[in-house]
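Report on the structure given below.
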Amino acid sequence: MQQGEKTSLYVVLVAASAATAGLLFGYDTAVINGALVFLRAEFRLNSVETELVATVLLGGCAVGAALAGWASDYFGRRVVLLSAGVLFCISALGSAFPSQLWQLFAARVLGGLAIGSASLIVPLYIAEISPAHVRGRLVTLNQLAIVSGILVAFLSNYALARLSHGNWRWMFGLGAVPALALCASLPWIPESPRWLLQRGERIRARVTLQQISPGSNVDGALDEIAKSLKEETGTYRELLAPALRKPLVLTVMLAIIQQVTGINTVLYYGAIVFAEHTGASASQAIGMNVLVGVVNLLFTVVALLTIDRLGRRPLLLTATGGMCLCLVAFSGMLYVLPGHSTVLLLPLLGYVACFAFGLGTGVWVCLAELFPNRIRGRAMSVATMVLWISVSLVTATFLSLIQVFTAAGVFLGYALLCAASFAYIFLQLPETKNRTLEDIQEIWLKKDKL
């Protein structure tokens, strides 16, 4: 599968179908942004309780990510995708009809299990069914779906906010629609050819490779995959082997970097930040979220079009450097120009744009690329679980940190973390553009021998 080969429409459709889970990921995580404004008033939540409402979903995400790696290696990628779709549907309906707060918590935990599973399995599955020359672009479809889901959540929140009663219930319940669409699309997509070959089903793997990469040397690709599978034992203990230690540390750090640089403080608490720290009304704050969602989507599209041409390193370095500058500007303006909502929105939009262009897309691609085939599910499980733990810590502390250090101080702290992330990526991340998954494995074997 070389760069000059054509990309079949079939593989694009398969990747897009799997990425529907990414749309649900985005919707279910972002819908809380607008719903919190009304939940906080209806249940009279203080800052800690508000953080708990936002964070309970994320605990389920960490567990889902931990289980999905093992389940995808044992049962297959499609089974895990279908399970996630069912959980998304149950969670959406359960969140729409609770009579007590604990019932909402339980439904959101189920949604978290689905999101954690989807966050691991979708980029992994797309990476495994994609030709090397378009793998970055197709894996980025997942991130495009995620930010589309975020924008849909913000738009529906803005429209439903006008309802006088039960608006937050409708916000949650609408998530059942794409969940049903995901479940309906899964029967026709193929199992991962790499997973099939791992299970000894070479004929089915060959048929799938012919469909997703017509005109390529299918038998040569199968032999290459089979060779790499034989070289891996595929256990969690193998992650600590010398050849895998470096990619494990790198992927865990990338997962942490994507979250501790603060993006979900905007995506989860944006309406509260805008309402309480920029002088915007509740309606204006939810409307400003829509602008955040539009910018997030547009710059994800830019990343989608450039990641296989520019490479992973340039996008991640541009992102962390730009995010640092924008957060420094936002922090300073919060201190100097409090209450100027329009002006304060500009650096925050720049921050979201930089994240979408780099960390939002590049990290998921790297997580799906950096490990050998047979261990990839377990390795991504570890990295994705760490990612969701990082999300939980940021989400569970944001409002409390503002009470201690002020909003300006907290965002300045995130700016410093962006600067540290830039330095780490510059020093540690190799470029994987246009390399097959087997070629990337050789990078770590060669480094281990140095």
Side-chain angles (χ1 to χ4, degrees), residues 26-58 91-92 94-105 107-108 111-112 149-175 262-296 330 334 338-342 344-345 348-349 352 391-392 394-403 407 410-411:
Y27 186 92
D28 277 25
T29 53
V31 70
I32 196 68
N33 193 323
L36 267 181
V37 176
F38 304 103
L39 281 168
R40 201 175 192 185
E42 183 167 332
F43 290 97
R44 299 179 182 177
L45 306 176
N46 58 33
S47 293
V48 174
E49 291 169 333
T50 304
E51 289 170 338
L52 181 59
V53 171
T55 306
V56 67
L57 174 84
L58 306 176
S91 173
S95 299
F97 298 107
S99 58
Q100 299 181 45
L101 197 58
W102 72 265
Q103 296 169 337
L104 174 62
F105 285 175
R108 295 291 282 168
I150 292 171
L151 178 58
V152 170
F154 288 166
L155 286 169
S156 62
N157 284 353
Y158 183 64
L160 294 170
R162 302 175 184 179
L163 296 178
S164 58
H165 179 69
N167 42 25
W168 61 269
R169 296 181 185 275
W170 281 101
M171 292 175 184
F172 288 127
L174 283 178
I263 187 62
N264 284 313
T265 61
V266 179
L267 299 183
Y268 296 168
Y269 295 117
I272 292 175
V273 170
F274 295 139
E276 296 183 0
H277 301 283
T278 69
S281 65
S283 177
Q284 289 174 327
I286 295 175
M288 291 164 78
N289 275 335
V290 174
L291 288 177
V292 169
V294 170
V295 168
N296 198 10
F330 182 64
L334 276 175
H340 292 71
S341 59
T342 303
L344 285 166
L345 183 61
L348 207 58
L349 291 178
V352 171
V391 179
S392 300
V394 171
T395 307
T397 58
F398 177 63
L399 296 179
S400 298
L401 286 174
I402 284 179
Q403 291 182 337
V410 171
F411 282 107

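These figures come from a predicted structure and were not determined experimentally.
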Shortest non-hydrogen separation from [X] to [Y] and the atoms involved:
X      : Y      : value
Phe38  : Met171 : CE1-CE, 3.7 Å
Ala161 : Ile286 : CB-CD1, 4.1 Å
Ile32  : Ala54  : CG1-CA, 4.4 Å
Tyr269 : Thr395 : OH-O, 2.7 Å
Pro98  : Leu104 : CB-N, 3.7 Å
Ala396 : Glu51  : O-OE1, 2.9 Å

Main chain of [Y], side chain of [X]: is a donor-acceptor contact present, judged purely on distance under 3.5 Å?
X     : Y      : result
Asn33 : Val266 : yes
Ser91 : Ala107 : yes
Glu49 : Asn46  : yes
Thr29 : Gly26  : yes

Rounded at 0.5 Å granularity, tell me how far [atom1] in [X] sits from [atom2] in [Y].
X      : Y      : atom1 : atom2 : result
Leu399 : Leu52  : CG    : CG    : 12.0 Å
Leu36  : Phe43  : CG    : CZ    : 11.5 Å
Asn167 : Leu160 : CG    : CG    : 7.0 Å
Thr397 : Ile402 : OG1   : CD1   : 10.0 Å

Would you say [X] and [Y] make side-chain contact, with heavy atoms under 4.5 Å?
X      : Y      : result
Thr265 : Phe411 : yes
Val53  : Leu39  : yes
Leu58  : Asn264 : no

Between Phe154 and Val294, does the side chain to side chain contact (heavy atoms under 4.5 Å, CB included) criterion hold? Intermediate values first, please. CA-CA 9 Å; Phe154 288 166; Val294 170; over 6 Å; no

Side chain to side chain contact (heavy atoms under 4.5 Å, CB included) for Phe97 and Gln103? Distances and angles first, verdict last. CA-CA 9 Å; Phe97 298 107; Gln103 296 169 337; over 6 Å; no

Between Leu348 and Phe274, does the side chain to side chain contact (heavy atoms under 4.5 Å, CB included) criterion hold? Intermediate values first, please. CA-CA 11 Å; Leu348 207 58; Phe274 295 139; 3.4 Å; yes

Dump the intermediate steps for side chain to side chain contact (heavy atoms under 4.5 Å, CB included) on Asn157 and Asn289, then the final yes or no. CA-CA 9 Å; Asn157 284 353; Asn289 275 335; over 6 Å; no

Who are the side-chain contact (heavy atoms from CB on, under 4.5 Å) partners of Val56, not counting sequence neighbours? Phe105, Arg108, Val109

Any residue meeting salt bridge (charged side-chain N to carboxylate O under 4.0 Å, His left out) with Arg40, in chain and number order, not counting sequence neighbours: Glu276

